[in-house]
Amino acid sequence: MYLDAAEKLDEVRAEERPKAPSAGARWQHFPYSCLLHHGDTCCEIAREWVIANDFAQLNGSDLLSGPRWLRQKYEWGPSPWPMHWCDVVERKVIDCGAHSALAHEVFTARGVTAFRAQFIQSYTADALSQWRTKWVDDKVSDHWIGDDVIYHEGNALLVGEDELKLWDSSAGWWINPRQNGGYGSLAAVRIFADGQWGGGDGFRWGERRIKPNEWTQI
Amino acid sequence: MPIWRRYSDCVEPMKVYVSGLYSGGNPQPGVGIVRSLRQAYPKAELVGVEYSNRVSGIHWNDLDDLWIQRPWDELDLDSYGARVRAALDAGGFWISGSDLEAMWLAALFPDGHDHLLAPPMGALRRITKPAVEAASGLPVKIPTYVSTDHSDWDLHAFCREHNWRVWLKGPYYDAARTPSWDVFEAVRNALSKVWSTERLYLQAHVSGYEESVMLSAYKGELLGAVSMRKREITPEGKTWAGDISEVPDEFMVPLRQMVKELQWTGGGELEMVRDAAGQAWLLEMNPRFPAWVHGSTIAGHNLPALLVQAASGVRAVPAPAQGQEFTRVVLEVPVRPEYPLPPIPEPFAGAIGHSLKHPSGLTSLAKKLHNANPEMLEVVSEEGGPTGLPTIPDTFVDDIESYDFDAVETPQFLFMDSTAAGLFKRAGERSHRLSTNEVQVVSGYSIKTNPDERLIRLALENGFLAEAISLLEVHKALEVGFKPDQVILNGPGKWWPEGMMPKERMHAVFCDSVADLDRTVGAIERGEMSSAHVGVRIRTPNVVSRFGIPLDSPATFRELVAAVKRLPADTAFGVHFHMASSNIGVAQWWHLFESMLKWCRSIEKLSGRTIDILDMGGGWFPDDWHADDDSKFAKAVETIRAMLPNVRQIVSEPGKAMAQPSMALAMRILEIQEHEDDKVEAVVDASIAELPMYFFYPHRMLRKCSETGQLQPLGRGKTHLMGRLCMEHDIVAANVQLPEGTRAGDLLIFCDAGGYDRSMSYVFGRG
């Protein structure tokens, strides 16, 4: 599913929605972004290139290192959906959904346990206004911009028995688990994962617990 | 629980001397300590101690008074020591913000002083970097290191082993990345000169996030500690912003024990890097508070105040936490009229400005401390200690001694007969051992590394294939006795010179570009050339190289896949991967090897063509290739079989590893010029025209004693060996030690000159 369709789904389901968390309510049922595959060599070449290039870029570093090269190669910005593998690798600018999808692919190819993640982040009205203008100018949906928060996508990496690190793939950094509020801070997170993690208490992220498949307020 | 006095109950005002006020790009902690103490003791008298009025921290307005001394190079340490003692005896407390001053104070007060808030000498000895022996109980590792007392040959090996991701560090301060041998030599010379010692060390780089633990202790009792993660870093790697948190128990418990064992007094900082797997690596422990000390006070942990409180018994005003994060800003402050800014020294012609580094003459203090007690600050102590002399293999000695040097005109390359024969034999045998029923391993001799016929013949006799980069090299191989189907042709110049392409079937041709591949396929179809295998050389991303087909974009990868698909079905396909392991390091080469296999697997999958032949290697340093047992190579063969099961032949090309040890260069000393400070310049009849690789790696050198005929290895010293050319950069070796009695006419032999030294040597200055 891609974002435009997801937005419609979100609208349809809005009436049925139970009381939503304060941050992320607008994206309560929003799915994470997925790249499409033409089922042909065009997309397979692209996918193989991303995976092989990631290993080359690791340069002998630990497999748990963040794939910052993706952010270096692909700027963050508006990108039209749906997007296929063969499209995404040719673009100069991709949005957080595409970044997150690529990062998930390389983490998984490395053999480490990774999950897709959705974030709600706080920003100022000025920042939101700038982004809205940019997305509208590019004729791309700005559904991800809220009143004082944004919807964002990233990745969660398992680094211990139930311990997570959160990778902001379109920024190229790990989100600081010690930060509380403020510009750019994480207001809510949802991690898509199967299984009973942390004996049912969820994943450990810094001092917090995050239950999979539901929005956790930070 | 101690009972603290209130400040107002004190009869005398509290006086605290604080040094280390330098506030430039690599700041000392003095100003931060002063700010923290002012918060805790608003009425205390804070005296700034400095050794230069050029240090900007003396103008900080929290200081009540200043004690400005002359720089360390002018200072009479005995009389100054007496004044410090008097200040402490009079009730003042002293917090040192400088490592070297703390060391001097520890020597001045061998039994300590209740008011000296700095660590004792016994503790300092146990935190000497890089080993930081005292920290053995902490959950940290020490990055691998080696003393520069080792021979240059061994130091080069250390750099290769650690992928040239190494730091050359001074005994007290200063560190620089040395990504190549010429940079290493330049930094070593600079640091040795600044710190008046050859005792430096090389340490492996650890990638990760930087963090520190700061502590405060009094007489072995840990008063407090905080953890700080660097959140912004200056270009010099210094903290610009950070966040503060509690030290976790698993660190705090052994830290408390360490402080007790050391009977630590004063501030301290453990500087660490945490890698991606979460392991902390200890870089060093400083015997003082860090420059970010006030960042901790902002977060509610005023460690200087805890120290003064413990020593004085006077309660500090509690520090409320203002936040857990801090950052720096640049501030302009008024200059104290009693210490107006000093004039700027006259710039040297062509220079820009002047450096503010070490304005207080710390380097002079280092020299004085070192002279007073050379053992006190040994950076790396090793049992038995390295001699600094390289190990010379027996075969080198045998081969050199087989020459009648009375009949040898110098400069002259010496063919190392038994050395060369042994190297080729062992390589051939290794290939045989690694071969299986499914896959044959064969060695390749790169003719360009040294086209000497004797070496090419040894390659032929030991079952090597010949690897050529031009048609002239192909013909050289054929002349020596190789058959065309034992020749591999590669490189961008494979069509040169025109008209010399053999019509007989060669073993393999590897193409350097998609255009080269199309041209090769066309030539084969027209019957202009023939090859059992046709393949491509690939250039993996993230490696600087001008060779091979780049894979750094999806578009080029797509082109490559399409080109491979176009190969005639009856032509066996291959991939060629060459990268000089001596340049990128051994571990990184093996990572590239694995990366290359992943690319190969993708190429197979996407093109539908299987890979029959894999040609890999290039640029191995001889020791890395020959000294290793078979295990790494056997594992590599297994990995290839697992990832590319259709590969039938692996060509292993060690590059200069075969040629480099196979020749030495003999030269004679023409003249010895003695200069001031024991410096010597010896002019030799060789030059960089015979040793063009001098800048890239060290050579093992020998002097043949003219009286005994004995071969004596050369270690480090103060002699420069100057080439015969009238060229400024013609220095064939710097900082070597000529054995006693060396005189003009003596013979020197540079080993390890049989690779590119020989093949790239040129005629110059011979008329």
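Lettering of chains follows the sequences in order, A, B, ..., and the numbering in each one begins at 1.
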For the residue pair B:V561 and A:T41, establish whether any side-chain heavy-atom pair is separated by less than 4.5 Å.
-> no

Rounded to the nearest 0.5 Å, how far does CG of A:N53 lie from CG of B:L551?
-> 8.5 Å

Give, for atom CZ of A:R178 and atom CZ of B:R231, the distance between the pair rounded to the nearest 0.5 Å.
-> 8.5 Å

Using non-hydrogen atoms and a 4.5 Å limit, figure out which bit of A:V89 sits close to chain B: side chain, backbone, both or neither.
-> both

Using a cut-off of under 4.5 Å for heavy-atom pairs, which of B:R165, B:M596, B:Q324 has the most such pairs with chain A?
-> B:R165

Counting only heavy atoms closer than 4.5 Å, note whether A:L58 contacts chain B via side chain, backbone, both or neither.
-> both

Answer key: most heavy-atom pairs under 4.5 Å with chain A among B:A555, B:A277, B:P554, B:A276 is B:P554

State the CG-CG distance between A:N59 and B:N163, to the nearest 0.5 angstrom.
-> 8.0 Å

Give a yes or no on this: more than 12 heavy atoms of other residues, nucleotides or ligands lie within 6.0 Å of atom CD of B:E246.
-> no

Closest non-hydrogen atom pair between A:Q57 and B:P541, with its separation | NE2-CB, 3.9 Å

Once you round to the nearest 0.5 Å, how far does CZ of A:F55 lie from CG of B:L597?
-> 9.0 Å

Summary of side-chain hydrogen bond (donor to acceptor under 3.5 Å, both in side chains) pairs that have at least one residue in residues 593-603 of chain B, sequence neighbours excluded | A:E48-B:S602

Take B:D275 and A:D62 through the side-chain contact (heavy atoms from CB on, under 4.5 Å) test and state the conclusion after the steps.
-> CA-CA 8 Å; B:D275 67 21; A:D62 198 287; 5.6 Å; no

Enclosure of A:E214 CD (heavy-atom neighbours >12, cutoff 6.0 Å) | yes

Distance col, row A:W69:CH2 vs B:D552:CG, nearest 0.5 angstrom, shows 11.0 Å

Select, from A:S65, A:G60, A:C86, the one with the greatest count of heavy-atom pairs under 4.5 Å involving chain B.
-> A:G60

Please state whether the side chain, the backbone, both or neither of A:N180 comes within less than 4.5 Å of a heavy atom of chain B.
-> neither

Answer yes or no: are there more than 12 heavy-atom neighbours, outside A:D137 itself, under 6.0 Å from its atom CG?
-> yes

